[in-house]
Asker: 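What follows is a structure written as structure tokens; I'll ask about it next.
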Amino acid sequence: MTQHLAAPAHHPTSGTHTGWWRDAVIYQVYPRSFADGNGDGMGDLAGIRDRLPYLRELGVDAVWLSPFYASPQADAGYDVADYRAIDPAFGNLHDADALIRAAHALDLRVIVDLVPNHCSDQHDWFRQALREGPGSRLRERFHFRPGKGEHGELPPNDWESVFGGPAWTRVEAPDGNGGASQPEAGGEWYLHLFAPEQPDLNWEHPAVQDEFRSILRFWLDLGADGFRVDVAHGLVKAPGLPDVGGSDQLKLLGSDVMPFFDQDGVHEIYRSWRRILDEYEGERVLVAEAWTPTVERTALYVRPDEMHQAFNFQYLTANWDVKELREVIDGSLAAMRPVGAPTTWVLSNHDVSRHATRFANPPGLGTQLREQGDRGLGLRRARAATLLMLALPGSAYIYQGEELGLPDVTDLPDEVRQDPSFFRAEGQDGFRDGCRVPIPWTRSGSSYGFGSGGSWLPQPDSWGELSVEAQTGVPGSTLELYRAALAVRREHPGLGAGDAVTWLDAPEGVLVLARDGFLCTTNTTDADVELPVPGTALLSSATPWFGDGTVRLPADSTVWWAV
Ligand code: GLC
């Protein structure tokens, strides 16, 4: 698809090197669930553009957009059929161009999602590869292999898909249609670490490498300020595709280097991408979605000639526990220091239950939950956790709706669910739809202001009270807490700067963290804790009580202090 666009969008900081990304607060927009501009029940680019002033007012620095490319939506757009086209459900390239320009005019940067590990089984390359059959050159761009067993009826190795079941699907014999929906005897198998509709690309192949360098340029030319790189740990597979040799591979994913994840070869790819980004003005950035066994291995992705940032999933998975939080904060800062990259912090995204719901449940249940738990408790802790996160040096990620204190919708009927792993017997729990329900803008009305045509996932009755409208201007609301926190962060640029924190002595269950001229106290216990007043209170997730030279920090709360 070719569309003619005007000259590239003006870039917020053309030519200057501000290191804006080092302490940026980046807001994740999940396009299908943010705002629906055309009333078809599905969010879109026009809807996002209309709401940019809201994001400006919230006080974030950049927006990361989950995929909006042409896609059959087998995995909510993480199955890309054309990397240079917008899915009609979301708009077209003119809408993307207009969105980037409008964001820049408000001094918001735009990070787009790049999905290089796999494409859609409807991508031209894969369709042609299927048509051309075994031995064809196009099949070399993927991982096609003959099966094992007498008739090739067994998968080529023991790898399991993250979404459950074998990571291999057998295709039709050469003259058939093939594809995920029609496995049949006689054909080769292809590798898909995720759904069968997401064939893995072969990153050893020069055509794959060239294609993605060209895709990078396409979006950089359009004005994108960077890329969040999906499954950045997955592109290179161990030579010979060796068996893992154990069962329950999903459990190993977080703790071991696997033959299909976190292979050292990925780093050369990112070095070549970095060289491209550095040719462009305005400090464009690469952000790794890299699930690695340790923060030290995550740090390898952000060496000076590679990516700029990587998500800190160790922080996201930490429990509401002083020892764990302090260890992960210290460990993350220590791991990033030698490579000179900023640490990042994240509590929620489109793949895990929102932190208001995770903290409402007992620890140890994983990151995809089906229970509400104690909602009051979850919200108190979520607000406290956010203030702690925003007091740490580095860059922080906010997932749409967390500023409203939204919980997961845990009781979605099975028939409306769309998460592909929900439909597979093993693998991830498949409850990701719970954190993807369209967000409420107004107290009432069609889909609570999401759009005029309903909502692709049903919204609960509680959505109205949690809406932007219901919380705007209400002292103490979660939305106003986020706005105030981001304003304080802007007024105190020291908050996001640096690569260290100082811990002060604190009662059991309390964290006291000192930064230059600033103190953050977090009480993780279920009881008030009394302290000598440490400074002037700036902001709090729950109101503290002051006595004679003392302050009582409420249970599960964070207070920011100027000192
Ligand atoms: C990443 C995305 C997730 C997607 C998967 C496969 O983990 O965040 O949503 O399902 O990659 O692309």
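Whatever order the structure lists ligands and atoms in, that order sets their numbers, starting from 1. Reckoned from all heavy atoms, side chains included, excluding hydrogens, waters and symmetry mates.
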Asker: Would H192 count as a contact residue for ligand 1, given that I'm defining contact as a non-hydrogen atom of the residue lying under 4.0 Å from a ligand atom?
Answerer: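 No, that is not the case, since the closest heavy atom of the residue is not under 4.0 Å from the ligand.
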
Asker: For the ring pair F144 and F126, is the centre-to-centre distance below 6.0 Å?
Answerer: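 Judged by ring-centre distance (under 6.0 Å), F144 and F126 do meet the cut-off.
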
Asker: If you look at every heavy atom in S66 and Q28, which pair is closest and at what distance?
Answerer: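 For S66 and Q28, the tightest heavy-atom pair comes out as OG-NE2, 3.1 Å.
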
Asker: Based purely on interatomic distance, does D75 place a nitrogen or oxygen under 3.5 Å from a nitrogen or oxygen of ligand 1?
Answerer: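 Between D75 and ligand 1 (N or O atoms, distance only) the closest approach is under 3.5 Å.
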
Asker: How far is atom 9 (O) of ligand 1 from the closest protein heavy atom, and which atom is that?
Answerer: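 Answer, as residue, atom name and distance: D351 OD1, 2.7 Å.
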
Asker: Show me which atoms of ligand 1 lie under 4.0 Å from any heavy atom of H350.
Answerer: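 Here the atoms of ligand 1 in question are 2 (C), 3 (C), 8 (O), 9 (O).
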
Asker: Counting only heavy atoms, which portion of H233 has something under 4.0 Å from ligand 1: side chain, backbone, both, or neither?
Answerer: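 For H233, no heavy atom sits under 4.0 Å from ligand 1.
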
Asker: Using the side chain to side chain donor-acceptor pair (under 3.5 Å) rule, pick out the option among D408, T367, T386 that qualifies with H355.
Answerer: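 Checked D408, T367, T386 against H355; only one passes side chain to side chain donor-acceptor pair (under 3.5 Å): T386.
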
Asker: Short list, please: which atoms of ligand 1 are under 4.0 Å from a heavy atom of H118?
Answerer: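 Reading through ligand 1 atom by atom, the close ones are 6 (C), 12 (O).
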
Asker: How close does the nearest protein non-hydrogen atom get to atom 11 (O) of ligand 1, and which residue and atom is it?
Answerer: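 I find the closest protein heavy atom is D230 OD1, 2.9 Å.
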
Asker: How about W219 and Y69: are their ring centroids closer than 6.0 Å?
Answerer: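 Yes, ring centres under 6.0 Å apart.
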
Asker: Considering the heavy atoms of F163, write down every atom of ligand 1 situated less than 4.0 Å from one of them.
Answerer: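 Those of ligand 1 that fall under 4.0 Å from F163 are 10 (O).
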
Asker: Regarding R51 and the six-membered ring of W441, is the cationic atom NZ or CZ under 6.0 Å from the ring centre and inside 45° of its axis?
Answerer: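 The answer is yes, since R51 meets both limits relative to W441.
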
Asker: Search all heavy atoms of P259 against all heavy atoms of P242 and return the closest pair with its distance.
Answerer: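 Scanning both residues completely, I find the closest heavy atoms to be CG-O, 3.7 Å.
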
Asker: Supply the atom-to-atom distance R139 CZ to Q128 CD, rounded to the nearest 0.5 angstrom.
Answerer: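 The CD atom of Q128 is 12.0 Å from CZ of R139, to the nearest 0.5 Å.
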
Asker: Number the atoms of ligand 1 from 1 as they appear, then name those within less than 4.0 Å of a heavy atom of R432, with their elements.
Answerer: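 Matching atoms, with element in brackets: 3 (C), 4 (C), 9 (O), 10 (O).
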
Asker: State the CG-CD distance between D225 and E283, to the nearest 0.5 angstrom.
Answerer: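 Interatomic distance, D225 CG to E283 CD, rounded to 0.5 Å: 10.5 Å.
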
Asker: Heavy atom of R436 under 4.0 Å from ligand 1?
Answerer: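 So R436 counts as touching ligand 1.
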
Asker: Considering only the protein, which heavy-atom contact is closest to atom 7 (O) of ligand 1, and what is its distance?
Answerer: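 Here the nearest protein heavy atom works out to E289 OE2, 2.7 Å.
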
